[in-house]
Protein chains: 2
Amino acid sequence: MDAKIIDVAAKAGVSPATVSRVLNQANGVTSKTRDKVMKAVDELNYHPNAAAKNLRQQKTMNIGVIAQDINNAYFTEIIKGIENMAYAQKYRVFICDAENQPEKEREYVTMLMDRTMDGVIMITPQLSDEEICEVANKGYFIAVIGRNIEHPRIPCIYTDNVKFSRQVMEHLLACGHRDIVFLNGYPEAIDSYERLEGYLKALKDNQIPFRPELVENGDFNENGGYEAMKRLFDKKIPFSAVFAANDEMALGVYQACAERGISIPDQLAVVGVDNNRISKYVTPPLSTVNQPKYTMGAIIVERLIDQMNDNQYEDKRVFVVDSELLVRGSSNFARK
Amino acid sequence: MDAKIIDVAAKAGVSPATVSRVLNQANGVTSKTRDKVMKAVDELNYHPNAAAKNLRQQKTMNIGVIAQDINNAYFTEIIKGIENMAYAQKYRVFICDAENQPEKEREYVTMLMDRTMDGVIMITPQLSDEEICEVANKGYFIAVIGRNIEHPRIPCIYTDNVKFSRQVMEHLLACGHRDIVFLNGYPEAIDSYERLEGYLKALKDNQIPFRPELVENGDFNENGGYEAMKRLFDKKIPFSAVFAANDEMALGVYQACAERGISIPDQLAVVGVDNNRISKYVTPPLSTVNQPKYTMGAIIVERLIDQMNDNQYEDKRVFVVDSELLVRGSSNFARK
DNA sequence: CTGAAAGCGCTAACAT
DNA sequence: ATGTTAGCGCTTTCAG
């Protein structure tokens with residue numbers, strides 16, 4: 001069906017090698033023959049077969065991004081950073097949605113072994129450190145966003161969860177809150193664990209006793225936040241602020257409050273995490289923590305490409321980026 | 001670096017052909033040899049090279065999804081439907097983000113020509129009908145979601161924008177509204193055009209004169225909705241309801257109202273489109289139009305795979321699916 | 001049931 | 001500056 005390089009060569013009256021040269025490096029060819037070749041290419045609408053090219057060159061110029069859940073804007077922002085930087089370096093980016101399933105992550109990681117992808121970026125993977133290291137040990141190129149994996153060949157980028165959690169808490173404490181709820185994501189997630197740790201440390205720093213009944217687990221989704229709030233209300237214990245482990249759950253808090261007629265921020269302050277695109281459009285605008293998502297994606301893919309190119313250990317492997325607390329209407333209310 | 005089929009064959013004491021048979025069809029092989037082969041495969045951690053396989057078989061089992069913007073939950077829901085159905089049929093799905101740029105769409109479409117993908121699904125493409133038809137004419141497999149393209153080889157699925165727009169309008173009219181704003185997306189988009197058409201038809205059906213000053217263009221994003229509302233408020237003309245061409249813009253309306261102290265729904269009714277995941281969590285919950293997004297993805301990919309398999313015209317090519325108006329708190333208020 | 005060998009379409013080393 | 005050719009790793013006839 002499709003034209004092959006040999007057809008182009010015949011039409012242009014040259015050899016396949018010359019066609020290849022024109023289409024690739026493009027030096028060492030007369031401009032006259034180049035024109036002949038390009039004419040034939042156009043006329044036959046020739047597109048080099050990627051499989052043949054990949055097989056011959058032992059590379060694909062493809063990078064896979066394995067995201068935990070493309071429904072979450074946190075991931076899609078990062079992906080845009082990856083995409084644009086990779087594109088500038090002639091790599092194509094393919095997004096894979098793991099749908100929160102470790103088996104799917106594992107399945108997509110095999111794209112490295114079967115050489116469908118030259119490299120892969122995992123965003124907050126669910127696979128264990130060991131499993132990911134094992135892949136890197138076999139010589140494949142893999143980078144990770146949202147976690148630090150101790151392996152000399154795995155570039156990592158992440159924010160300090162503990163640090164920004166403490167900042168959030170300091171902000172709420174400064175507003176006069178003492179009974180602060182922490183709405184966790186699913187407890188297995190490393191982000192959950194570290195954000196909780198920051199919450200606890202801040203309490204300790206301020207000599208406020210930890211009350212376990214103020215911590216509820218959600219699932220990083222709106223409904224999980226909503227259900228968790230209902231459970232809290234049912235406990236009939238007083239609290240004046242909620243620190244939700246992400247913005248989606250904070251939205252669930254909004255809903256639960258709306259149903260009970262509880263006004264934000266005067267009756268309840270709310271802070272989320274991730275600076276979801278919609279968070280500034282809700283009423284009141286949601287205070288949240290912003291991570292440089294786009295930049296994180298761009299940095300890590302650049303680092304991955306570097307590594308794929310010279311295939312040697314480079315000094316800068318781990319990047320820790322700062323987050324920024326955005327105080328908006330949902331918590332900007334000094335409690336007397 | 002990696003083991004090849006010939007290594008496996010040597011280790012198992014068989015020929016490469018036998019290894020291939022074991023790994024593929026798996027019939028016509030003694031269970032004894034199969035075991036030997038599988039053992040060697042495991043020990044060598046063998047993964048067939050995809051490029052070689054693709055080249056030999058002239059297919060990749062890859063399907064590409066070209067989405068307009070993966071930041072928008074409308075697309076990601078559809079993609080999940082595609083993904084899961086394709087997965088069940090042994091196809092891998094790769095998501096490509098066109099970032100609203102026609103050139104990027106075009107670039108990703110070349111994945112068909114270079115045989116990186118066996119087929120491609122475009123979700124609300126920006127390319128012209130002609131351009132898409134041309135690709136199909138060359139024998140490539142392409143399917144479209146969100147638009148009907150008249151071509152015997154292009155499966156299409158979409159909802160009737162005009163129809164549900166009229167339903168939205170009937171609902172608002174039934175609530176007693178007469179001065180209804182229409183907040184359009186970018187005017188070039190076919191969805192914008194058709195939704196506007198429904199708006200106009202509903203007015204006509206009800207003998208309500210069309211007032212152009214009640215129509216504003218947005219960009220399908222929160223900020224566009226917000227800015228459009230500000231322009232409307234500045235006009236100082238009365239209106240009691242807003243029909244926004246999607247939920248994102250409706251959120252911008254919420255923000256604009258919050259800033260002016262306008263209460264939804266009693267001072268202003270708002271209806272969106274798409275049933276974005278977050279729309280039921282905002283306050284008040286947003287009335288919207290639900291499309292069976294997941295199902296649409298699943299149907300079209302199944303149809304595309306059918307076509308790739310028997311490569312012949314099938315009767316059912318165009319699917320029109322019904323949408324459903326979800327009346328929630330933002331418009332459920334009878335005006336006296 | 002299994003093996004031998006051709007060939008998918010391209011690039012790169014070598015030759016001219 | 002251009003052509004010839006081997007071979008990337010696999011599957012699939014065709015033989016046996």
Side-chain angles (χ1 to χ4, degrees), chain A residues 1-41 44-62 90 110-118, chain B residues 1-38 40-41 44-62 90 110-118 139:
Chain A
M1 183 178 83
D2 301 336
K4 313 188 250 186
I5 198 169
I6 196 173
D7 303 322
V8 178
K11 181 142 202 159
V14 297
S15 74
T18 299
V19 177
S20 178
R21 275 188 277 259
V22 170
L23 260 34
N24 296 301
Q25 59 265 24
N27 58 342
V29 185
T30 329
S31 66
K32 195 174 157 193
T33 48
R34 192 203 326 286
D35 290 348
K36 276 194 303 187
V37 170
M38 287 315 292
K39 186 156 169 279
V41 165
L44 294 172
N45 203 265
Y46 170 69
H47 292 265
N49 180 302
K53 190 168 187 162
N54 294 345
L55 177 59
R56 177 64 230 232
Q57 301 200 133
Q58 302 283 65
K59 69 175 180 188
T60 63
M61 300 300 281
N62 292 161
K90 308 285 181 202
T110 65
M111 297 184 310
L112 286 168
M113 285 83 160
D114 71 21
R115 320 260 42 157
T116 296
M117 302 287 166
D118 291 345
Chain B
M1 183 179 82
D2 301 336
K4 315 188 247 187
I5 198 168
I6 197 172
D7 302 322
V8 177
K11 181 143 203 157
V14 298
S15 74
T18 299
V19 176
S20 177
R21 274 188 277 259
V22 169
L23 261 34
N24 296 302
Q25 57 265 27
N27 58 342
V29 185
T30 327
S31 66
K32 197 174 154 191
T33 46
R34 193 203 325 286
D35 291 347
K36 277 194 302 187
V37 169
M38 288 314 293
V41 165
L44 294 172
N45 202 267
Y46 170 68
H47 291 266
N49 180 302
K53 190 169 186 161
N54 294 345
L55 176 58
R56 178 62 230 236
Q57 300 197 135
Q58 302 283 66
K59 68 175 179 187
T60 63
M61 299 300 281
N62 293 162
K90 308 285 180 202
T110 64
M111 297 184 310
L112 286 169
M113 284 83 160
D114 71 21
R115 320 262 40 159
T116 297
M117 302 287 166
D118 291 345

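Values reported hereafter were calculated over all heavy atoms of this structure, with side chains retained and with hydrogens, waters and symmetry mates removed.
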Are the side chains of L23(A) and K53(A) in contact, using a 4.5 Å heavy-atom criterion? no
Is there a side-chain contact between N49(A) and D2(A) (heavy atoms, below 4.5 Å)? no
To the nearest 0.5 Å, how far apart are [atom1] in [X] and [atom2] in [Y]?
X      : Y       : atom1 : atom2 : answer
H47(A) : R115(B) : NE2   : CZ    : 11.0 Å
S31(B) : M38(B)  : OG    : CE    : 13.0 Å
N45(B) : M113(A) : CG    : CE    : 6.5 Å

Testing the basics here: between L55(B) and A51(A), what is the closest heavy-atom pair and its distance to 0.1 Å?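 Smallest interatomic distance, heavy atoms only, reads N-CB, 3.7 Å.
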[atom1] of [X] versus [atom2] of [N]: gap in Å, rounded?
X       : N       : atom1 : atom2 : result
K32(A)  : dT2(D)  : NZ    : C1'   : 14 Å
D114(A) : dT11(D) : CG    : P     : 12 Å
L23(B)  : dT12(D) : CG    : P     : 13 Å
K59(A)  : dG9(D)  : NZ    : C1'   : 18 Å

Under a 4.0 Å heavy-atom criterion, the protein footprint on nucleotides 1-10 of chain C, written with B, S and -, is SBBB-BBBBB
So what is the end-to-end bend of the helix from dC1(C)-dG16(D) to dT16(C)-dA1(D), with 5 pairs used at each end and the value given to 10 degrees?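 Computed from the C1' atoms at both ends, the axes differ by 40°.
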Among pairs that include at least one residue of residues 6-16 of chain A, which meet salt bridge (charged side-chain N to carboxylate O under 4.0 Å, His left out), considering only residues two or more places apart or in two chains?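 Matches after skipping sequence neighbours: K11(A)-E43(A).
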Is a side-chain N or O of D118(A) found less than 3.5 angstrom from the main chain of T60(A), in a donor-acceptor match?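 Side chain of D118(A) to backbone of T60(A): a pair is present.
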